[in-house]
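Hydrogens, waters and symmetry mates play no part in the numbers below; they use all other heavy atoms, side chains included.
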Amino acid sequence: MRYFRFGCPTLSLLRCFTLIGQFIVECVKVLSVLKRTDEDMERSFGRDLSGGLETALILIEASESGEDAFPKFQYTPENVQGPGCDVDPTEVTLPGCSCRSQSCLPDSCPCLCFGQPYTGEGRLVEQREEEASLGYSRPVFECNILCECSEACQSRLVQNGVRVRLGVFCTQDRGWGVLALEAIPQGCFVCEYAGEVIGFQEARKRQLSQTAEDMNYIIAVQEHGGGQQPSRTFVDPATVGNVGRFLNHSCQPNLVMVPVRVHSLVPRLALFTSRDIEAGEELTFDYAGGHVTSTQTHSHRLGPQTEPGAPQRKACHCGAPNCTGVLPLDISVLH
């Protein structure tokens with residue numbers, strides 16, 4: 001009633017309809033631009049990196065140099081046994097649960113004796129405050145192929161492989177990198193850092209045999225389990241690996257690495273988003289580690305060695321405000 005008192009209702013309604021119409025037109029324009037941008041992103045990428053081995057597409061950016069410029073390696077969606085590894089990572093060595101239910105419950109499932117690691121939406125459960133203050137986190141186990149629960153069980157996540165669209169692209173000064181081709185919420189599983197699981201001596205041999213121009217993809221993961229001797233896992237995706245081999249380091253990463261055990265005690269090095277990721281954003285993790293369950297080091301070597309067993313540090317070009325200027329390097333495998 002007050003509205004009609006202050007002006008002509010007909011003219012006001014016409015003005016409202018005009019403004020609404022203009023707003024709709026602008027929205028259509030914005031959506032059109034966004035659609036073209038998404039199409040341009042799709043058109044700039046070519047074949048699927050995994051060759052159909054992953055559920056989601058992992059596209060390779062079309063390069064002016066052609067296919068010859070892209071690294072040659074054998075794709076594997078999960079770890080494989082390499083020299084010096086006593087246990088085949090693909091062999092089922094963990095027992096299964098007898099939960100005949102749609103989804104297992106922590107109170108009754110032996111696979112979840114350390115708690116449910118994932119939410120109902122399939123995201124990594126945030127670390128408890130008391131765990132973070134003490135500098136540790138609970139181990140992560142998933143239900144495996146021997147379990148009697150359904151395939152839709154909440155504790156089956158990493159084993160299902162890559163479920164988000166990713167793109168491998170050529171950066172300006174950091175070689176190849178990986179970007180998200182869709183928005184990814186915080187806590188979502190992105191991919192594994194998969195490759196050959198090798199022994200200590202083999203890791204040492206491979207690192208020492210490299211020249212100054214060679215890239216070193218070996219990552220060393222050390223886990224501490226109370227008073228027990230720390231367990232070490234070495235993964236090398238140089239010749240056999242997955243999309244994780246293309247992830248760059250950042251001193252301010254948006255991914256975090258979590259060792260996850262599924263069928264075997266050999267951990268699968270799973271990478272989860274540590275914050276919300278926008279479509280088109282590069283995905284990175286901290287080569288020096290980014291989760292308190294373990295210490296990870298992914299090292300590169302550049303230039304001649306000044307002393308035997310003393311590789312030079314490579315410059316870091318992540319561009320983060322807290323950038324240290326050099327890539328993390330762990331030479332413990334040399335000794």
Side-chain angles (χ1 to χ4, degrees), residues 38 41-42 45 48-61 73 75-79 89 117-127 137 140-142 154-171 174-195 217 219 221 233 235 237 241-262 267-294 296 298 318 320:
D38 185 63
M41 178 181 287
E42 291 290 349
F45 290 86
D48 178 16
L49 174 67
S50 74
L53 294 177
E54 301 282 8
T55 303
L57 289 176
I58 303 174
L59 303 179
I60 305 173
E61 183 182 38
F73 73 102
Y75 195 94
T76 177
E78 58 186 56
N79 290 328
Y118 312 124
T119 67
E121 293 74 33
R123 302 182 188 180
L124 187 68
V125 172
E126 292 187 13
Q127 187 182 15
S137 184
V140 176
F141 284 83
E142 293 191 1
Q154 185 176 328
S155 64
R156 298 180 187 269
L157 182 63
V158 173
Q159 61 191 271
N160 293 326
V162 177
R163 294 300 179 97
V164 294
R165 292 191 304 150
L166 305 174
V168 178
F169 73 109
C170 191
T171 68
R174 291 168 294 119
W176 294 90
V178 180
L179 55 79
L181 294 182
E182 63 180 81
I184 311 174
Q186 180 180 351
C188 285
F189 170 65
V190 174
C191 69
E192 290 184 47
Y193 191 89
Y217 293 96
I219 189 167
V221 176
T233 305
V235 177
N242 73 336
V243 64
R245 76 193 294 280
F246 296 104
L247 290 167
N248 280 313
H249 163 80
S250 176
C251 297
Q252 193 172 324
N254 50 25
L255 298 179
V256 62
M257 180 174 283
V258 181
V260 176
R261 287 170 171 83
V262 183
R268 298 168 75 156
L269 309 183
L271 290 150
F272 294 82
T273 53
S274 57
R275 59 173 175 79
D276 291 340
I277 306 294
E278 297 180 1
E281 186 176 351
E282 182 177 4
L283 299 168
T284 59
F285 74 101
D286 183 0
Y287 289 177
H291 199 277
V292 296
T293 54
S294 57
Q296 308 98 18
H298 181 169
C318 71

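Considering all non-hydrogen atoms of both residues, Gly195 and Val235 come closest at N-CG1, 3.6 Å. Of all the heavy atoms in Thr55 and Val162, the pair that sits closest is CB-O, 3.7 Å. Heavy atoms only, all atoms of each residue included: Leu283 and Leu247 are closest at O-CD2, 3.4 Å. When all heavy atoms of Pro259 and Val221 are compared, the closest pair comes out as CG-CG1, 4.4 Å. What you find for Cys318 and Ser250 is that their closest heavy atoms are CB-CA, 3.7 Å. Minimum heavy-atom separation, Gln252 to Ala320: CB-CB, 3.7 Å.
Side-chain atoms of Glu282 never come within 3.5 Å of backbone atoms of Gly177 as a donor-acceptor pair (strictly under, hydrogens ignored). For Asn254 (side chain) and Ser274 (main-chain N/O), no donor-acceptor pair under 3.5 Å exists by modelled atom type. For Asn242 (side chain) and Ala194 (main-chain N/O), a donor-acceptor pair under 3.5 Å exists by modelled atom type. With Asn248 contributing its side chain and Trp176 its backbone, the two residues share a donor-acceptor pair below 3.5 Å. Looking at Arg165, its side chain never comes within 3.5 Å of a backbone N or O of Glu182 through a donor-acceptor pair.
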Give the C-alpha distance, both sets of side-chain angles, the deciding distance and a yes or no for side chain to side chain contact (heavy atoms under 4.5 Å, CB included) between Leu57 and Phe45. CA-CA 11 Å; Leu57 289 176; Phe45 290 86; over 6 Å; no
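In this structure, CZ in Arg245 is found 13.5 Å from CD1 in Ile219, a value given to the nearest 0.5 Å. Distance check: Ile60 CD1 to Ser50 OG gives 9.5 Å after rounding to the nearest 0.5 Å. Thr284 OG1 to His249 NE2: the interatomic distance, rounded to the nearest 0.5 Å, is 8.0 Å. To the nearest 0.5 Å, the span separating CD1 on Ile277 from SG on Cys188 amounts to 9.5 Å.
Partners of Gln154 by side chain to side chain donor-acceptor pair (under 3.5 Å), not counting sequence neighbours: none found. Not counting sequence neighbours, the partners of Glu192 by the salt bridge (charged side-chain N to carboxylate O under 4.0 Å, His left out) test are Arg268. Here Glu281 pairs with Arg275 under the salt bridge (charged side-chain N to carboxylate O under 4.0 Å, His left out) rule; sequence neighbours left out.
For CD of Glu278, the number of neighbouring non-hydrogen atoms (other residues, nucleotides, ligands) closer than 6.0 Å is 12 at most.
The aromatic ring centres of Tyr193 and Tyr287 sit 6.0 Å or more apart.
Here the rule is side-chain contact (heavy atoms from CB on, under 4.5 Å) with Thr273, and of Val256, Leu124, Ile184, Val164 only Ile184 fits it. No option in Phe169, Phe285, Phe73 other than Phe73 meets the ring-ring contact (aromatic ring centres under 6.0 Å, His included) test with Phe246.
Between Tyr75 and Val243 the shortest side-chain heavy-atom distance falls below 4.5 Å. For the pair Leu59/Val168, no side-chain contact is recorded, criterion being any heavy-atom separation below 4.5 Å from C-beta on. Between Leu166 and Glu54 there is no side-chain heavy-atom pair separated by less than 4.5 Å. Side-chain contact check for Cys170 versus Glu61: some heavy-atom pair is nearer than 4.5 Å. No side-chain heavy atom of Val260 sits under 4.5 Å from any side-chain heavy atom of Phe189.
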